[in-house]
Protein chains: 2
Amino acid sequence: MTKPPTRIQTRNRAAILSAGLDVFSQFGFRGATLDQIADAAGLSKPNLLYYFPSKESIHTALLERLLDTWLDPLKALDGTGDPVQEIIAYAQRKLTLSRDYPRESRLWANEILQGAPRIEDTLRTDLKTLVDEKAAIIKAWANDGKIADVDPHHLIFSIWAFTQHYADFDVQVRAVLGEKAPYDGASVFLDTLYAKLLQP
Amino acid sequence: MTKPPTRIQTRNRAAILSAGLDVFSQFGFRGATLDQIADAAGLSKPNLLYYFPSKESIHTALLERLLDTWLDPLKALDGTGDPVQEIIAYAQRKLTLSRDYPRESRLWANEILQGAPRIEDTLRTDLKTLVDEKAAIIKAWANDGKIADVDPHHLIFSIWAFTQHYADFDVQVRAVLGEKAPYDGASVFLDTLYAKLLQP
DNA sequence: GTCTATAAGTCGATAGAC
DNA sequence: GTCTATCGACTTATAGAC
């Protein structure tokens, strides 16, 4: 029988994961240190290693938790809905995710940039399957003349690229925009971009 | 008087910069080690430090060299040319850059992801100035009715995001596409995307 | 707190090019 | 023979883990 976690365990595990997200998303796996994470979590390093047996295990826990969050917006793309609206709504969901979970976006970006050593298999299986499935839906819409005929894979890449840019390149976006807030303008632009692109 | 570099110096400095690009672009500044770089350059660590006084100095040299390469395509955007063609040509130049210099793109991405500690000032000055200047040109085109009226800053962001995605997220792109080559499809998609968006 | 590995950077000595 | 280039061994600090 596994014992239910105590309140202290629940709190500390959550603190470690949040601290790990802070540090891993900024420095990548190799650049992050347990000292930084322990510090950010308000725990001693030995205490941190009482909850997670290794640096790797914290990172893995974060990536696993992230995967669902990250794929959910695409899973929700509905083949029976209005084509243009469905795609734009997906892109807007993704932009909201970037705004509300920028650390998660950067964790993902770091992992991919470094060659995705820990999730390459998942990319080739789960992610590819999901994307191919949704790409088929988009292709069918194009064939029915409901949207313009564009390559569905590159359409999806463009949505990922554009929306995640605002989280991953946040510093650069803000440096260029100055005082102007990024996300309102991005949302309007995104609407226009895909409405015009997809118009049959 | 500074002496001209010997052939050995030229060769070794080039080897170190190339090796540094390999390692920094994959692991980020903190994740990279001098041993890795020395190994990749075919030199001993002391010998490497004979040419560059520190890890930091290699990284700085790479970023400085990169900056021009990175901004040149935007500088070439010509206010007297045909508006739609100019913008699409800029995007295509940027895509070519991603294809031919993926390590440079990832070095940049790593630096920004980590909060751009070494280039934040450059972003706020040189980059912002350049972008604002080109954004003004694009805005003027829109006011003259030569292109559709879209936010020029977000237009530029979208070009950066989409084109750099193929270098920075290379592993993910290839995992999803399988055997299909990325860049041909990306180039076609990009043409369609901006032609439709900018059509007045 | 301790242990062990690995990191960045130094030093002194020497091999090799011109 | 002198200056350039190289390297093994070392120091100090910091890393992950117990």
Side-chain angles (χ1 to χ4, degrees), chain A residues 8-9 12-65 106-107 110-111 113-115 117-119, chain B residues 1-64 106-107 110-111 113-115 117-119:
Chain A
I8 293 176
Q9 280 176 338
N12 282 348
R13 286 186 61 94
I16 292 169
L17 287 175
S18 174
L21 187 53
D22 273 337
V23 178
F24 283 128
S25 67
Q26 190 177 351
F27 299 107
F29 181 75
R30 292 190 31 167
T33 73
L34 288 181
D35 279 311
Q36 280 179 295
I37 299 173
D39 228 48
L43 299 172
S44 69
K45 193 162 53 164
N47 199 12
L48 183 146
L49 286 164
Y50 167 77
Y51 289 98
F52 288 89
S54 68
K55 181 180 176 177
E56 183 85 38
S57 67
I58 304 174
H59 194 255
T60 305
L62 283 168
L63 279 181
E64 280 172 1
R65 226 182 38 162
R106 287 194 280 266
L107 180 72
N110 255 307
E111 181 66 14
L113 258 181
Q114 309 201 352
R118 284 165 272 275
I119 53 167
Chain B
M1 295 289 291
T2 331
K3 292 180 187 168
T6 66
R7 259 167 309 191
I8 293 175
Q9 279 176 341
T10 308
R11 169 170 46 84
N12 282 347
R13 286 185 61 93
I16 292 168
L17 287 175
S18 173
L21 187 54
D22 273 338
V23 178
F24 283 128
S25 67
Q26 190 177 352
F27 299 107
F29 181 75
R30 293 188 33 167
T33 74
L34 287 182
D35 280 312
Q36 279 180 297
I37 299 173
D39 230 48
L43 299 172
S44 67
K45 189 166 54 166
N47 199 13
L48 181 146
L49 287 164
Y50 169 76
Y51 290 98
F52 288 88
S54 67
K55 179 181 177 179
E56 183 86 38
S57 68
I58 304 174
H59 193 255
T60 305
L62 283 168
L63 280 180
E64 280 172 2
R106 288 192 281 264
L107 181 72
N110 256 306
E111 182 65 14
L113 258 181
Q114 310 200 352
R118 287 166 267 278
I119 54 168

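Chain A is the first sequence line, chain B the second, and so forth, proteins listed ahead of strands; every chain is numbered from 1.
- Contact check, B/N47 against D/dA5: no side-chain N or O comes under 4.0 Å of OP1 or OP2.
- The side chain to side chain contact (heavy atoms under 4.5 Å, CB included) search around A/D35 returns A/T33, A/K45, not counting sequence neighbours.
- Legend: residues meeting side chain to side chain contact (heavy atoms under 4.5 Å, CB included) with B/T10, ordered by chain and number and at least two apart, are B/P5.
- In this model, the phosphate group of D/dT4 is not approached by any side-chain N or O of B/Q9 to a distance below 4.0 Å at OP1 or OP2.
- A/R118 pairs by the salt bridge (Lys or Arg N to Asp or Glu O under 4.0 Å) definition with A/E56, A/E111, not counting sequence neighbours.
- Of all nucleotides in DNA chain C having an atom under 4.0 Å from a heavy atom of chain B, the first and last in 5' to 3' order are C/dA7 to C/dC18.
- For residues 18-45 of chain B, proximity to DNA chain D is found at B/S44, defined as any non-hydrogen atom under 4.0 angstrom from a strand atom.
- B/F24 pairs in a side-chain contact (heavy atoms from CB on, under 4.5 Å) with only one of the listed residues (B/Q36, B/R30, B/R106, B/H59), which is B/H59.
- Rounded to the nearest 0.5 Å, atoms CG (B/L34) and CG (B/D39) are 11.5 Å apart.
- Listed by residue number, the members of residues 49-58 of chain B with any heavy atom below 4.0 angstrom from DNA chain C are B/L49, B/S54, B/K55.
- For residues 11-24 of chain B, the salt bridge (Lys or Arg N to Asp or Glu O under 4.0 Å) pairs, not counting sequence neighbours, are B/D22-B/R103.
- When the ring pair (Phe, Tyr, Trp, His ring centres under 6.0 Å) test is applied to B/F27, no partner is found at least two apart in sequence or on another chain.
- Atom CZ in B/F29 sits 9.0 Å away from atom CD1 in B/I58 (nearest 0.5 Å).
- Residue pairs meeting the ring-ring contact (aromatic ring centres under 6.0 Å, His included) criterion with at least one member in residues 32-52 of chain B, sequence neighbours excluded, do not occur.
- Applying the side chain to side chain contact (heavy atoms under 4.5 Å, CB included) criterion to A/S44, with sequence neighbours excluded, gives A/P46, A/N47.
- Taking only side-chain nitrogens and oxygens, B/N12 never comes nearer than 4.0 Å to OP1 or OP2 of D/dT4.
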